[in-house]
Chemist: 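One structure is given below, represented as structure tokens, and several questions about it will come after.
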Amino acid sequence: MTEPTFAALVSRWYTENARDLPWRAPGVSPWAVLVSEVMLQQTPVARVLPAYEAWLARWPVPAALAEASPAEAIRVWGRLGYPRRAVRLWECAVAIVERHGGKVPDRLEQLLALPGVGTYTARAVAAFAYGQRHPVVDTNVRRVVCRAVAGQPDAGPATRPADLVATEALLPEDPAAAALASAAFMELGAVVCTARSPLCHRCPVETICAWRASGQEAPAGPTRRPQRYAGTDRQVRGLLLGVLREATGPVPRQRLDAVWTDDVQRARALDGLVRDGLVEPVDADSYRLVGDGPSRPAVPLPALPG
DNA sequence: CAAGCGTGGCG
DNA sequence: TCGCCAAGCTT
């Protein structure tokens with residue numbers, strides 16, 4: 001009899017310690033899984049929870065969202081951040097209806113072709129929603145595997161093909177067990193094997209961890225350059241969008257001008273929002289969230305005779 | 001491939 | 001207080 005594998009140890013720990021999150025409940029639809037994965041891109045779990053519930057209550061299937069407007073999606077998205085994701089999700093719904101008859105596709109290639117769905121999200125849906133055997137590699141999994149297997153304190157900033165290969169090698173053969181293991185790796189990285197303050201005393205693989213064995217060299221400083229926010233276009237975009245989100249219908253340019261004094265930067269930020277499909281001009285003097293009302297001015301009534 | 005893209009809570 | 005961060009994607 002062989003010793004439990006890495007995946008078996010982490011999976012057992014997961015079954016006993018996993019957080020009770022709604023998108024992990026049995027019978028959750030692939031659409032719900034997709035929504036959760038997109039919302040969780042760079043946004044903490046605690047903030048996603050209420051938005052996830054509201055979103056699915058309103059649009060329980062892709063076809064429902066496809067009939068809404070990007071503006072509605074942006075509003076229900078609320079303040080999760082990176083609101084482009086709300087528009088991408090709306091585009092996803094439209095694409096799913098048009099290309100796949102309203103059903104979230106189950107093939108990796110088709111998932112990857114959806115707007116805003118990349119390597120991680122496509123694999124997460126294929127594995128968690130459809131039970132397929134694919135390595136699901138996010139920043140947490142990269143860190144866990146990098147530490148436990150390679151003995152390095154931190155992984156690189158982006159997922160590379162080698163990361164998928166290294167993770168795939170750890171997965172059980174059975175697809176359902178593999179999907180469970182992937183969820184377990186993510187959970188371990190999220191709550192135990194964290195970037196800054198790993199809780200090794202609570203780790204199910206402490207005794208076989210290469211990083212632990214090699215003396216646990218301290219994690220390096222921030223791998224990414226510090227992301228400034230104050231004074232950036234991003235902040236200005238956030239301010240502009242805040243006004244448009246709270247408004248109903250077109251917003252006079254004057255109200256947008258009030259959010260930021262630098263004309264050049266404000267214009268650049270607004271243009272960026274338009275190019276990203278979040279905002280559209282209504283006329284020469286007002287803007288609105290995309291689709292927030294009739295797409296073109298009402299047809300003028302014919303001049304009354306006489 | 002590095003940079004751009006929001007937001008709010010926490011050490 | 002304020003810098004740092006949180007299940008990526010796109011260009």
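Computed from a predicted model, the values in this text were never measured in an experiment. In what follows, chains carry the letters A, B, and so on, assigned in the order in which the sequence lines appear, proteins first and then strands, with residues in each chain numbered from 1.
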Chemist: Please check the phosphate of C/dA7 (OP1 and OP2 only) for any side-chain N or O of A/Gln41 closer than 4.0 Å.
Modeler: no
Chemist: Send over the distance from A/Arg142 CZ to C/dA6 P, rounded to a whole Å.
Modeler: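 Roughly 12 Å, once rounded to whole Å.
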Chemist: So if I take every side-chain heavy atom of A/Thr121 and compare against B/dG6, C/dC9, B/dT7, which nucleotide ends up nearest?
Modeler: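 Of all the options, the side chain of A/Thr121 is nearest to C/dC9.
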Chemist: B/dG11 P sits how many Å from A/Leu199 CG, rounded?
Modeler: 12 Å
Chemist: Over all strands shown, is A/Arg19 touching base, sugar-phosphate only, or nothing at heavy-atom distances under 4.0 angstrom?
Modeler: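 Base contact.
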Chemist: I would like to know whether A/Trp260 and A/Gln265 meet side chain to side chain donor-acceptor pair (under 3.5 Å); could you show each step before the answer?
Modeler: CA-CA 8 Å; A/Trp260 198 255; A/Gln265 187 175 26; 2.8 Å; yes
Chemist: Using a 4.0 Å heavy-atom cut-off, does A/Gly118 contact any base of the nucleic acid, only the sugar-phosphate backbone, or nothing at all?
Modeler: sugar-phosphate
Chemist: Applying a 4.0 Å non-hydrogen cut-off, can you work out what A/Val117 is touching in the nucleic acid: base, sugar-phosphate, or nothing?
Modeler: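 Sugar-phosphate contact only - A/Val117 comes under 4.0 Å of backbone atoms but never of a base.
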Chemist: Please report, rounded to the nearest Å, how far the P atom of C/dC9 is from the CG atom of A/Leu40.
Modeler: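 Rounded to whole Å, this separation is 12 Å.
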Chemist: Can you see if the side chain of A/Tyr82 gets near the phosphate of B/dT7 - specifically, an N or O under 4.0 Å from OP1 or OP2?
Modeler: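 Result: no.
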Chemist: Expressed in angstrom and rounded to an integer, what is the separation of A/Arg234 atom CZ from B/dG8 atom C1'?
Modeler: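 Between C1' of B/dG8 and CZ of A/Arg234: 14 Å.
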Chemist: Mind calculating the distance between CD (A/Glu187) and P (C/dA6) to the nearest angstrom?
Modeler: 14 Å
Chemist: If the P atom of C/dC9 is compared with that of B/dG9, how far apart are they to the nearest Å?
Modeler: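 Roughly 25 Å separates the two P atoms.
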Chemist: Mind running salt bridge (charged side-chain N to carboxylate O under 4.0 Å, His left out) on A/Arg75 and A/Glu72 for me, showing each step along the way?
Modeler: CA-CA 5 Å; A/Arg75 289 209 175 89; A/Glu72 291 174 88; over 6 Å; no
Chemist: A/Asp174 and A/Arg133: salt bridge (charged side-chain N to carboxylate O under 4.0 Å, His left out), yes or no, with the steps?
Modeler: CA-CA 7 Å; A/Asp174 176 67; A/Arg133 186 180 184 279; over 6 Å; no
Chemist: Measure from the side-chain heavy atoms of A/Asn140 and tell me the nearest of B/dG6, C/dA7, C/dG8.
Modeler: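 Nearest to the side chain of A/Asn140 among the choices is C/dA7.
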Chemist: Consider the side chain of A/Arg79, meaning its heavy atoms from C-beta on, and name the nucleotide among B/dT7, C/dA7, B/dG6 that approaches it most closely.
Modeler: B/dT7
Chemist: As a test of reading the structure: which of C/dA7, B/dC5, B/dT7 is closest to the side chain of A/Arg47, going by heavy atoms?
Modeler: B/dT7
Chemist: Check the distance between B/dT7's P and A/Leu278's CG and give it to me in whole angstrom.
Modeler: 11 Å
Chemist: Quick check on C/dA7: is either OP1 or OP2 less than 4.0 Å from any side-chain nitrogen or oxygen of A/Arg85?
Modeler: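 So the side-chain polar atoms of A/Arg85 never come under 4.0 Å of the phosphate oxygens OP1 or OP2 of C/dA7.
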Chemist: What interatomic distance, in whole Å, is found between C1' of B/dT7 and the corresponding atom of C/dT11?
Modeler: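 Comparing C1' positions in C/dT11 and B/dT7 gives a spacing of 23 Å.
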Chemist: Under 4.0 angstrom, heavy atoms only, what part of the nucleic acid is A/Trp23 near: base, sugar-phosphate, or nothing?
Modeler: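 It contacts base atoms.
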Chemist: Could you state the CZ-P distance from A/Arg88 to B/dC5, rounded to the nearest angstrom?
Modeler: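 My rounded result for the distance is 13 Å.
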Chemist: Rounded to whole angstrom units, what separation is found between the OH atom of A/Tyr229 and the C1' atom of C/dA6?
Modeler: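 Rounding to the nearest Å, OH of A/Tyr229 and C1' of C/dA6 are 15 Å apart.
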Chemist: Any chance you could lay out the side-chain contact (heavy atoms from CB on, under 4.5 Å) test for A/Val117 and A/Leu34, step after step, and finish with the verdict?
Modeler: CA-CA 9 Å; A/Val117 174; A/Leu34 175 59; 4.0 Å; yes
Chemist: Measuring from atom CE of A/Met186 to atom CG of A/Asp138, what distance do you get when rounded to the nearest 0.5 angstrom?
Modeler: 4.0 Å
Chemist: Applying a 4.0 Å non-hydrogen cut-off, can you work out what A/Leu273 is touching in the nucleic acid: base, sugar-phosphate, or nothing?
Modeler: nothing
Chemist: Would you call the rings of A/Trp23 and A/Tyr52 parallel, tilted or perpendicular, taking 30° and 60° as the class edges?
Modeler: perpendicular
Chemist: Mind checking the CZ-CG spacing from A/Arg47 to A/Leu80? Nearest 0.5 Å is all I need.
Modeler: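 With rounding to 0.5 Å, CZ (A/Arg47) is 7.0 Å from CG (A/Leu80).
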Chemist: Decide yes or no, distance alone: a donor-acceptor N/O pair under 3.5 angstrom between the base of C/dT10 and the side-chain of A/Arg84.
Modeler: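 Result: no qualifying N/O pair found.
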Chemist: Let me know, please, whether A/Leu114 or A/Glu37 comes out on the 5' side of the other along DNA chain C by nearest nucleotide.
Modeler: A/Glu37
Chemist: Can you check whether any acceptor in the base of C/dG8 is under 3.5 Å from a donor in the side chain of A/Thr159, or vice versa?
Modeler: no
Chemist: What nucleotide among B/dG6, C/dC5, C/dA6 has an atom nearest to a side-chain atom of A/Ala195?
Modeler: C/dA6
Chemist: Have a look at A/Thr139 and say if it touches a base, only the backbone sugar-phosphate, or nothing, with a 4.0 Å heavy-atom cut-off.
Modeler: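 Sugar-phosphate, no base atom in range.
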Chemist: Any side-chain N or O of A/Arg160 below 4.0 angstrom from OP1/OP2 of B/dC1?
Modeler: yes
Chemist: Please tell me which of A/Pro115 and A/Asp138 maps to the more 5' nucleotide of DNA chain C, matching each residue to the nucleotide holding its nearest heavy atom.
Modeler: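 Mapping each residue to its closest nucleotide by heavy atoms, the 5'-most match is A/Asp138.
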Chemist: Using the C1' atom as the reference point in each nucleotide, state the distance between B/dC5 and C/dA6 in Å, no decimals.
Modeler: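 Approximately 14 Å lies between the C1' atom of B/dC5 and that of C/dA6.
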